[in-house]
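Note on naming: letters A, B, ... go to the chains in the order of the sequence lines (proteins, then strands), and numbering restarts at 1 for each one. In what follows, every heavy atom counts, from backbone to side chain, and hydrogens, waters and symmetry copies are set aside.
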Number of protein chains: 2
Amino acid sequence: MTNRKVVSFENIKVACKNCSLSTLCLPMGLSPEDVERLDTIIKRGRPYHRGDHLYRGNDKFHSLRVITSGSVKTYTPNEDGGEQVLGFHLPGELIGLDAIQDNHHNCSAVALETTAVCEVPFSQLESLSSLMPSLQHQMYRLLSREIGQETEMLTLLGKKSAEERLATFLLSFSERFKQRGFSPSDFFLSMSRHEIGNYLGLAVETVSRLFTRFQDEGLLQVERKHVQLLDLPRLYDIVQGTDSIKSNQSRV
Amino acid sequence: MTNRKVVSFENIKVACKNCSLSTLCLPMGLSPEDVERLDTIIKRGRPYHRGDHLYRGNDKFHSLRVITSGSVKTYTPNEDGGEQVLGFHLPGELIGLDAIQDNHHNCSAVALETTAVCEVPFSQLESLSSLMPSLQHQMYRLLSREIGQETEMLTLLGKKSAEERLATFLLSFSERFKQRGFSPSDFFLSMSRHEIGNYLGLAVETVSRLFTRFQDEGLLQVERKHVQLLDLPRLYDIVQGTDSIKSNQSRV
DNA sequence: TAAATGACTTGATCCTGATCAATATCATCT
DNA sequence: AGATGATATTGATCAGGATCAAGTCATTTA
């Protein structure tokens, strides 16, 4: 019990200026003094465990959240008890932006593994951004980027084949892991096949079959949640729609 | 030639404070003095004709635009020459928000009919919003609303049947026309069947067949672009997924 | 260590909506 | 008014991926 203090959450608090994620996060592009000011409003609480909710649809909105470690799934519960997965979020990513519009959450966010976050009380952020044009600018950029990302997702769901969807999904993680200093070709996915399928508008079975097919084609090696991408160029070809593994399939 | 002046575009300029759309638009929630200040940066140019581009993907971004009359389609040209329609925009709606992130347009916007817009130079808007907290707040809200709307579209494309998609589409227009003081049940769609299908992730033929089926079921009356919604409650049922016209189809 | 539970995989079949093909209708433009 | 090309409708067929149904594997619980 005495060693509790050593790992107490107070001790793991980190300031933005010392945070490795600051180049991906709100402080991006801010002067050191501005980062200090931003830091004063940020709250760092205890980690969430797998399955814990950061917030739920209909909760009153008070803070944006930045993932600092772990990963988070956002989703909207839909009428008939099911859910639509809206995104998977990695360290450095800001969530809750959709709640600004009417001051309450429209979707839910749940930790997929042990996850730490910074909370950014929005009313304070708003006041601060009035005083700090660079912060205001960064907020506009982040909101706009979110819109752009959702737009890409619309294109994916509107037009792309199952194969293109999964390849896009895998490469998105590849790139995001790489940005964060991890291997772009060897990583663990923290979500289930079911969640992947839901996110991509595919049935679980289709996702499972695609993993198998991609593996048979030598594009990747998969062992449950552990994925190793073996042929990134080919995966990029698939995303573009300029390549398909089907031809090879039928040749065999 | 002499009567040119009478209808010259100079004469149709309108200030925000006199504009019927101000409750839907940027000035929403601003004090009269703030609206005046906002008005000073807004440019009102000559109308676009059907097929004219307001901007194209890759254009440098300088202004947000508010539709004041007519309608606009936004789309991303994709690799293989095709396009993905991202949205249809009616008077009062703000477009170009996705371009803030990196100062250039990622999608194109084209007039579907004779269309007038207000241009809002973004750098000026940004400066002004630093000075006017209520304007900043409104910007955050509008950006967040856009995110929320795209989220709804993700759910539509990820899970809904063709029938649910078209019903959702029609009711979206119904509500938006109603907000603008037009009939919610009798309107003209300015886009082609092809564009509707593209937007909803459906083939043209499917859209055409659905219109026919909806008409046969007495849900609506359609004559090319002229649509009359005859049974709004039933259409809402279809959107919820709690109703389907298929049962009736097979009964006949 | 066994049983139970949940996640994943694999196979067989079905169905929605895509694609292909043939008109039909509309909007321009001389 | 008639010719032309775009747009829309309708029909027939096809296929991608969903659904249904077992079965396998992994992890937790007892």
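Note: T151(A) OG1 to L156(A) CG = 12.5 Å, rounded to the nearest 0.5 Å.
Counted by atom type alone, H226(B) and D186(B) present one or more donor-acceptor pairs between their side chains at under 3.5 Å. Judged by distance alone, the side chains of T76(A) and Q84(A) never bring a donor and an acceptor atom under 3.5 Å apart. A donor-acceptor contact under 3.5 angstrom links the side chains of T74(B) and H89(B), judged on distance only.
Minimum atom distance to the side chain of R193(A) is reached by dT9(C), of the listed dG11(D), dC20(D), dT9(C). When each of dT19(C), dA12(C), dA18(C) is scored by its nearest atom to the side-chain atoms of E205(B), the top-ranked nucleotide is dT19(C). When distances run from any side-chain atom of L202(A) to the nucleotides dG17(D), dA12(C), dA8(D), the shortest one goes to dG17(D). Relative to the side chain of R209(B), the nucleotides dA12(D), dG17(D), dT10(C) differ in distance, and dA12(D) lies closest.
If you take CZ of F211(B) and P of dT10(D), they are 13 Å apart, rounded to a whole angstrom. Distance E163(B) CD to dC15(C) P: 16 Å, rounded to the nearest Å. Whole-Å rounding puts the K159(B) NZ to dG17(D) P distance at 15 Å. Distance, K160(A) NZ to dA18(C) P: 17 Å, rounded to whole Å. As rounded to whole Å, 17 Å separates atom P of dA7(C) from atom CD of E223(A). Note: CG (L166(A)) to P (dT9(C)) measures 11 Å, nearest angstrom. Taking atom CG of residue L189(A) and atom C1' of nucleotide dA7(C), one finds them 14 Å apart after rounding to whole Å. Rounded to whole Å, atom P of dG17(D) lies 12 Å from atom CG of L200(A).
Proximity of S208(B) to the phosphate of dA8(D): no side-chain N or O atom is located under 4.0 Å from OP1 or OP2. The side chain of T212(A) contributes no N or O atom lying less than 4.0 Å from OP1 or OP2 of dT9(C). Side-chain N/O atoms of S161(A) include none lying less than 4.0 angstrom from OP1 or OP2 on dG16(D). At least one side-chain nitrogen or oxygen of K225(A) sits closer than 4.0 Å to the OP1 or OP2 atom of dC8(C).
A162(A) comes within 4.0 angstrom of the backbone, heavy atoms only, and of no base. Within 4.0 Å (heavy atoms only), G197(B) reaches no atom of the nucleic acid at all.
Note that R193(A) lies in the cation-pi zone of F211(A), set by a 6.0 Å cut-off to the ring centre and a 45° limit from the axis.
The 5' end of DNA chain D is approached more closely, in terms of each residue's nearest nucleotide, by A203(A) than by the other of A203(A) and R224(A).
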